[in-house]
Amino acid sequence: MHKSASSLLVLIFYFLLGFLVFHAALGIGFLGDFAGDIYQCQSNWFNFPAYQWNFYLPAMIIYYGLYKIFHLFPFPYQAFHLTLIFINAWLLYLLAQELKFETWQCWAAGLLALFNSVAFETYFWLSTIPKVLATSFVLIALISLIRFRQNRLSIWGWGYII
């Protein structure tokens with residue numbers, strides 16, 4: 001099977017498995033920092049709490065967009081966050097592939113990321129989006145760096161820098 005088709009199947013599998021295991025958490029409603037984050041995204045995007053200065057601005061953009069489209073309906077916020085977690089599991093799978101791990105080790109790395117992340121975050125949802133984004137950007141940067149070092153294409157170098 002072609003590498004990209006195999007990678008797509010892995011992503012689909014992580015989505016299906018993650019949804020089967022954690023679908024009940026999608027109905028818990030707003031918890032934690034939801035009210036403050038949704039209120040904050042309406043006006044002052046540059047008031048960084050000490051614990052969230054990294055990736056706070058992208059999170060505010062996401063909160064603002066979700067609020068403008070879905071208002072206070074909690075399901076889309078939670079589904080978006082869970083989707084980010086599934087993608088991070090897939091990115092870890094890709095990173096393990098780039099590092100030349102065995103196929104079963106790549107699968108295991110993604111599954112560990114999926115269940116470690118989701119098990120903790122299913123009850124904190126929106127308040128952890130900056131942390132999930134940070135993980136996404138680090139994984140993308142590492143994959144880009146490895147690919148840049150392997151084939152010297154500038155697109156991967158820019159992916160790492162950005």
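Rounding to the nearest 0.5 Å places CG of Leu9 at 10.5 Å from CG of Leu16. Rounding to the nearest 0.5 Å gives a distance of 8.0 Å between CG of Asn151 and CH2 of Trp156. One finds the CZ atom of Phe15 at 11.0 Å from the CD1 atom of Ile85 (value rounded to the nearest 0.5 Å). How far CG of Leu133 is from CD1 of Ile62: 4.5 Å, rounded to the nearest 0.5 Å. With rounding to the nearest 0.5 angstrom, the CG atom of Leu17 is 4.0 Å from the CZ atom of Phe115. Distance check: Phe80 CZ to Tyr63 OH gives 10.0 Å after rounding to the nearest 0.5 Å.
In the hydrophobic clustering of ILVMFWY residues, with side-chain heavy atoms under 4.5 Å counting as a link, Leu84 and Phe75 come out together. In the hydrophobic clustering of this structure, Tyr160 does not group with Leu99; members are Ile, Leu, Val, Met, Phe, Trp, Tyr whose side-chain heavy atoms approach within less than 4.5 Å, directly or through other members. Placement of Val138 and Leu94 within a single hydrophobic cluster is found when ILVMFWY residues are connected by side-chain heavy-atom separations under 4.5 Å, directly or transitively. Under the 4.5 Å side-chain heavy-atom criterion for grouping Ile, Leu, Val, Met, Phe, Trp and Tyr, Leu82 is connected to Val21 within one hydrophobic cluster. Residues Leu72 and Met60 fall within the same hydrophobic cluster, defined by Ile, Leu, Val, Met, Phe, Trp and Tyr side chains chained together at heavy-atom separations under 4.5 Å.
Residue Ile155 places its CD1 atom among 12 or fewer non-hydrogen atoms of other residues, nucleotides or ligands, all under 6.0 Å distant.
Considering all non-hydrogen atoms of both residues, Trp107 and Phe13 come closest at CZ3-CD2, 3.2 Å. Across all non-hydrogen atoms, the minimal contact from Ala89 to Ala113 is CA-CB, 4.2 Å. Contact record, Leu114 with Tyr14: CD2-O, 4.0 Å, taken as the closest heavy-atom pair. Heavy-atom minimum distance, Tyr64 versus Cys41: CD1-O, 3.4 Å. Taking each heavy atom of Leu91 and Ser136 in turn, the nearest pair found is CD1-O, 4.0 Å.
A donor-acceptor pair is defined here as one N or O able to donate and one able to accept, closer than 3.5 Å; such a pair exists between the side chain of Trp90 and the backbone of Ser7. A donor-acceptor pair under 3.5 Å links the side-chain atoms of Asn88 to the main chain of Val132, judged by distance alone.
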Please list, one pair per line, the donor and acceptor atoms closer than 3.5 Å that link side chains of residues 141-150 to other protein atoms, with sequence neighbours excluded.
residue	atom	partner	partner atom	Å
Ser144	OG	Ile140	O	2.9
Arg147	NE	Glu98	OE2	2.9
Arg147	NH2	Glu98	OE2	3.0

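Taking the six-membered ring where the residue is Trp, His71 and Tyr67 present perpendicular rings, their angle passing 60° and hence far from 30°.
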